[in-house]
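I have placed the structure first, in the form of structure tokens, so that the comments after it can refer back to it.
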Protein chains: 2
Amino acid sequence: MVKYQAISNEMRERIKKGYYPIDQPIPDEHTLAEEFNCSRLTMKRALDILVMEGLLSRKRGHGTFIIQSPADDNTVNVISDVNIGLSNLVGSEVVKSKVIVFEIQFPSEKVANQLMIDMDTPVYHIIRLRVVKDEPYVMEETYMPANLIPGINDQVLHSSIYNHINKTLELKMGGAHRKIRACKSNELDQKYLDCKIDDPILEVEQVGFLLTGVPFEYSFSRHRYDKFVFSTVTVNR
Amino acid sequence: MVKYQAISNEMRERIKKGYYPIDQPIPDEHTLAEEFNCSRLTMKRALDILVMEGLLSRKRGHGTFIIQSPADDNTVNVISDVNIGLSNLVGSEVVKSKVIVFEIQFPSEKVANQLMIDMDTPVYHIIRLRVVKDEPYVMEETYMPANLIPGINDQVLHSSIYNHINKTLELKMGGAHRKIRACKSNELDQKYLDCKIDDPILEVEQVGFLLTGVPFEYSFSRHRYDKFVFSTVTVNR
DNA sequence: TAGTGGTCTAGACCACCGA
DNA sequence: CGGTGGTCTAGACCACTAG
């Protein structure tokens, strides 16, 4: 744990515990830097984290303020600063997978375009149903270049692709572009997600890329509308 | 325009124009800092921007890489790093507003909780239909503390609340917590958004707060499912 | 081991804000 | 004007990765 993270954690605790009055600015950076025995830049970086988390708000010439707004929900959330698999999202709950499609094929033009490969490069085509607490939760359709992500098999598909990439292949994920939309359910949704014909679907289209910048995954996650909320925090800078 | 932004812009142009080969790292920070005649920290900060935009990806001990993944769409997008009103989102298109509800009332417990006020503090309750190119686009239900955002009237409602807050009241917006979900359409949606009974809705629930951290807006934006996509870029750090 | 990005310092000047 | 956060420097050491 580096210094600015440690300071950031301490400050987060203080804020949550009401150590600072919420109707006035917290102490200025110079004062805090002295208290924490660090440079002002390090103090600033510690506060940057809390600003990005949506806990603090700053104004040059004015001060740093605590944002008086709650958060969280009881449905499962995705924080937009995290990019992990579903297996890591639902905490201690067991995520089971049912493999509906697992094949290797040549990509369509659209898929090839998103993955930045040509149409002669084989891709995995995977459709998995993800089940939490014995209830269908999300259906994921995934395309991945087979040469980039080797070793996908039935066992991997039944646990976590992300863990396979991270731990077995030792590739580091860099991030993702995402698009979130509402759409109507199709026959596959109705069959596997157990939703009615007029139930909407929350679809997340995603291009995931490695730290090297190479796209490794193009996927569509179709969520039951009553079990998924996508959460983000946006802070002006 | 400060130095690191100027450098960032120059680097963004270079990357988009293919100045650097995409299959190898760009020059290291020390070399680039020399070229741009700046300190390494400033160079790093310039690259930080591009990392956050999803254009670059870094790995300690390895290098900085160009992310090979396209973006954008033809539907209207929201980038998660921006917090502006719809009026500023659709470019040069004219946004018209139809005011459906405009009243002042005492907040429900839920609204009071989100706005961090007590239930004795009056709030505006506004429902507006937003129309682009003569087609219904989104219906926004908004609650705002009346004492915090004074001067809301019919004229403001027919143009842009955000501009009123920014320019007339000279308050600076700090950011927002957002939740995005799919839901079924209700009678109001069907009546005003011109959607069918089984058309889904993309709902964005939002608590907006000022730079002082004070929540000023609790809103629900209900979008036609075929005219809105929510876009985000996520980068691991 | 050499080269990369990550962190940190001490100090400086600037831009913006409120009084 | 004084106080705030924003930027920038020059240099240092560290952590990680590749070969």
Side-chain angles (χ1 to χ4, degrees), chain A residues 1-9 11 20 23-52 55-67 166 169-175 210-214 235-237, chain B residues 1-11 20 23-52 55-67 166 169-175 210-213 235-237:
Chain A
M1 177 74 69
V2 290
K3 197 165 186 174
Y4 76 90
Q5 283 175 327
I7 295 174
S8 188
N9 291 343
M11 288 299 293
Y20 299 111
D23 54 349
Q24 50 183 284
I26 66 173
D28 68 277
E29 293 177 350
H30 181 266
T31 306
L32 285 171
E34 269 193 350
E35 182 194 336
F36 284 106
N37 197 25
C38 67
S39 71
R40 198 189 131 209
L41 183 61
T42 298
M43 194 62 226
K44 179 167 158 42
R45 229 197 277 194
L47 296 180
D48 278 342
I49 295 178
L50 303 182
V51 170
M52 281 190 285
L55 285 172
L56 290 178
S57 172
R58 277 189 289 211
K59 197 177 189 179
R60 168 165 25 177
H62 195 183
T64 302
F65 301 83
I66 297 171
I67 289 172
N166 268 327
L169 297 181
E170 291 185 332
L171 297 172
K172 301 289 164 54
M173 277 177 282
L210 303 174
L211 267 174
T212 56
V214 179
V235 179
N236 286 353
R237 293 180 308 127
Chain B
M1 176 74 69
V2 291
K3 197 164 184 174
Y4 76 90
Q5 283 174 328
I7 295 174
S8 190
N9 291 343
E10 166 65 16
M11 289 298 293
Y20 298 111
D23 54 349
Q24 50 184 282
I26 67 173
D28 67 277
E29 292 177 351
H30 181 266
T31 305
L32 286 171
E34 270 193 349
E35 182 195 336
F36 284 105
N37 197 26
C38 68
S39 71
R40 202 191 126 206
L41 184 60
T42 299
M43 194 62 227
K44 180 167 157 41
R45 233 199 274 194
L47 296 181
D48 278 342
I49 294 177
L50 304 181
V51 170
M52 282 190 285
L55 285 172
L56 290 178
S57 173
R58 278 190 290 213
K59 196 178 192 180
R60 170 165 20 177
H62 193 183
T64 302
F65 301 83
I66 297 170
I67 289 173
N166 268 327
L169 298 181
E170 291 186 333
L171 297 173
K172 300 289 163 57
M173 277 177 281
L210 303 174
L211 267 174
T212 56
V235 179
N236 285 353
R237 294 178 307 127

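The sequence lines fix the lettering, A, B, ..., with proteins before strands; numbering per chain opens at 1. Scope of the values below: all heavy atoms of this structure, side chains included, with no hydrogens, waters or symmetry mates.
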Among D:dT7, C:dG6, D:dT9, which nucleotide sits nearest the side chain of B:Arg40?
-> C:dG6
Got a second to check how far B:Asp48's CG is from B:Arg58's CZ, nearest 0.5 Å?
-> 4.5 Å
Measure from CG on B:Leu56 to P on C:dT4 and round the result to the nearest Å.
-> 16 Å
Shortest side-chain distance from A:Asp28, nucleotide among C:dG6, D:dC8, D:dT4 | D:dT4
Map A:Arg60 and A:Gln5 onto DNA chain C by nearest heavy atom, then report which one ends up closer to the 5' terminus.
-> A:Gln5
Nearest to side-chain heavy atoms of B:Arg58, which nucleotide of C:dT7, C:dG6, C:dT9 = C:dG6
Given DNA chain C, 5'-ward residue of the pair B:His30 and A:Cys38, judged by closest heavy atom | B:His30
Give the rounded distance in Å between these two atoms: CG of A:Leu32 and C1' of D:dT4.
-> 12 Å
Taking only the side-chain heavy atoms of A:Glu29 (C-beta and beyond), determine which of D:dC8, D:dG5, C:dT9 contains the nearest atom.
-> D:dG5
In whole angstrom, what separates B:Asp48's CG from C:dG6's C1'?
-> 10 Å
Separation of D:dG11 C1' from B:Met43 CE (nearest whole Å) | 19 Å
Report the distance from atom CG of B:Leu41 to atom P of D:dG6, rounded to the nearest whole Å.
-> 14 Å
Minimum heavy-atom distance between A:Pro25 and A:Gly63, given as atom pair plus value = CB-CA, 4.3 Å
How long is the line joining CZ of A:Arg45 and P of D:dG5, in whole Å?
-> 17 Å
Would you say C:dG5 has OP1 or OP2 under 4.0 Å from some side-chain N or O of B:Thr64?
-> yes
Below 3.5 Å, can you tabulate the donor-acceptor pairs from side chains in residues 39-46 of chain A to any protein atom, sequence neighbours excluded?
from    : atom 1 : to      : atom 2 : distance (Å)
A:Ser39 : OG     : A:Thr42 : N      : 3.3
A:Ser39 : OG     : A:Thr42 : OG1    : 3.1
A:Arg40 : NE     : A:Glu29 : OE1    : 3.1
A:Arg40 : NH2    : A:Glu29 : OE1    : 3.3

Is the phosphate of C:dG11, meaning OP1 or OP2, less than 4.0 Å from a side-chain N or O of A:Ser39?
-> no
What integer distance in Å separates A:Asn37:CG from C:dC8:P?
-> 13 Å
Applying the Watson-Crick and G-U criteria (both distances under 3.5 angstrom) with [ ] for crossing and | for other-strand pairs, one obtains for DNA chain D ||||||||||||||||||.
The reported gap from CG in A:Leu32 to OG1 in A:Thr64 (rounded to nearest 0.5 angstrom) is 8.0 Å
Mind calculating the distance between CD1 (A:Ile26) and C1' (D:dG3) to the nearest angstrom?
-> 15 Å
Measure the spacing between CZ of B:Phe65 and CG of B:Asp23 and express it to the nearest 0.5 Å.
-> 10.5 Å
Working to the nearest 0.5 Å, report the span between CE of B:Met11 and CZ of B:Phe36.
-> 5.5 Å
Any A:Lys3 side-chain nitrogen or oxygen under 4.0 Å from OP1 or OP2 of C:dG6 | no
Looking at every strand, decide which applies to B:Lys44 at a 4.0 Å heavy-atom threshold: base, sugar-phosphate, or nothing.
-> base
For the side chain of A:Lys59, counting heavy atoms from C-beta on, which of C:dG18, D:dT17, C:dT7 is nearest?
-> C:dG18
Any chance you could measure B:Ile66, atom CD1, to B:Leu55, atom CG, to the nearest 0.5 Å?
-> 9.0 Å
